[in-house]
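First comes the structure, then the notes that go with it.
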Amino acid sequence: MANYHNLSNVFTTTETSLSNTLFKSPPFHSFTALILEISPNPFPNTMAQEHHNVIKNNTINLETPIFDPEFETFRSRFNSDHIYVAGHVLVYPSYNGFFEKPGLYLDQLFVRKCYRGLGFGKMLFSAVASQAANNGMGMVDWLVADWNEKSMKFYDKMGAHYIPQYKLCKLYGEKLQQYANISP
């Protein structure tokens, strides 16, 4: 994901850092990661009870097999019987005073390259929208890079509203430390 957005120079995330900062609260009440796992075989019925909160179990029949050059790297840690990670989405609660309701902020939606164009991104997006709607939330917000035309077309199909008057602002690294040390 960092390479995709040309941000590998600021990327520091590790499995340990994610585990230490996420997953401490019930899903959708704090940071929540949805992992898209796929398999050429039906998933075992016991999988949800053992390791996962399964949101949706869909079957997609493909006309041709998918060549995944990194299948060993992305083999599921929970069940190695031909189950692979194809993508993920990371969300957390948000609030917007205009809507007077909480919402979800979609921080990352990512489908690995060899699985794009097969409906998996729509499946992940739909899972987030469904959770927001089912929890009485008013919106799902996210950002998309202005150079990322494929993603913008994808979100257009989902019915996204773009707000061109706003720009994302971030304070990080040395500048964050600089302002953190200023006394009011």
Nearest heavy atoms of Ala132 and Val140, plus distance in Å
CB-CG2, 3.8 Å
How are the rings of His88 and Phe110 set relative to one another: parallel (under 30°), tilted (30 to 60°) or perpendicular (over 60°)?
tilted
Within the structure provided, determine whether Thr32 and Leu90 are in side-chain contact (heavy-atom separation under 4.5 Å).
no
Measure the NZ-OH distance between Lys175 and Tyr179 for me, rounded to the nearest 0.5 Å.
6.5 Å
Is the side chain of Arg75 donor-acceptor paired with the backbone N or O of Ile83 at a distance under 3.5 Å, no angle test?
no
Please say yes or no: joined through hydrophobic side-chain contacts below 4.5 Å, possibly via intermediate residues, are Leu106 and Tyr162 part of one cluster?
yes
Counting only heavy atoms not in Glu149 (residues, nucleotides, ligands), do more than 12 fall under 6.0 Å from its CD?
no
Is there a path of hydrophobic side-chain contacts, each under 4.5 Å between heavy atoms of I, L, V, M, F, W or Y residues, that connects Tyr95 with Leu143?
no
Is there side-chain contact between Met139 and Pro102, with heavy atoms separated by less than 4.5 Å?
no
Under the side chain to side chain contact (heavy atoms under 4.5 Å, CB included) rule, what do Tyr155 and Met152 come out as? Steps first, then yes or no, please.
CA-CA 5 Å; Tyr155 291 128; Met152 287 189 283; 5.8 Å; no
Nearest heavy-atom contact between Lys101 and Gly136 is CD-O, 3.7 Å
Work out which heavy atom in Val144 is nearest to a heavy atom in Ser151; give both atom names and the distance.
CG2-CB, 3.7 Å
Rounded to the nearest 0.5 Å, how far apart are CD1 of Ile163 and NE2 of His161?
9.0 Å
Any heavy-atom pair between the side chains of Gln177 and Glu174 that's under 4.5 Å?
no
Audit row: Lys170, Tyr172, side chain to side chain contact (heavy atoms under 4.5 Å, CB included) steps and yes/no
CA-CA 6 Å; Lys170 286 190 181 287; Tyr172 61 91; 4.0 Å; yes
Does a side-chain heavy-atom distance below 4.5 Å link Trp142 with Val91?
no
Say you draw a straight line from CG of Asp68 to SG of Cys114; how long is it, rounded to the nearest 0.5 Å?
4.0 Å
Is the gap between the ring centers of Phe31 and Tyr92 under 6.0 Å?
yes
Is there a donor-acceptor pair closer than 3.5 Å between any side-chain N or O of Asn135 and the backbone N or O of Gln131?
yes
I'd like to know whether Leu36 forms a side chain to side chain contact (heavy atoms under 4.5 Å, CB included) with Tyr84, so could you lay out the CA-CA distance, the side-chain angles of the two residues, the decisive distance to 0.1 Å, and finally the verdict.
CA-CA 8 Å; Leu36 174 64; Tyr84 307 97; over 6 Å; no
Take Met137 and Leu104, measure what side chain to side chain contact (heavy atoms under 4.5 Å, CB included) needs, and give me the verdict at the end.
CA-CA 8 Å; Met137 296 177 169; Leu104 288 176; 3.5 Å; yes
At what distance, to the nearest 0.5 angstrom, does NZ of Lys157 lie from NZ of Lys122?
9.0 Å
Roughly how far apart are Ile38 CD1 and Arg112 CZ, rounded to 0.5 Å?
7.5 Å
Report the distance from atom CG of Asp107 to atom OG of Ser94, rounding to the nearest 0.5 Å.
11.5 Å
Shared hydrophobic cluster for Val128 and Met158 (ILVMFWY, side-chain gaps under 4.5 Å)
yes
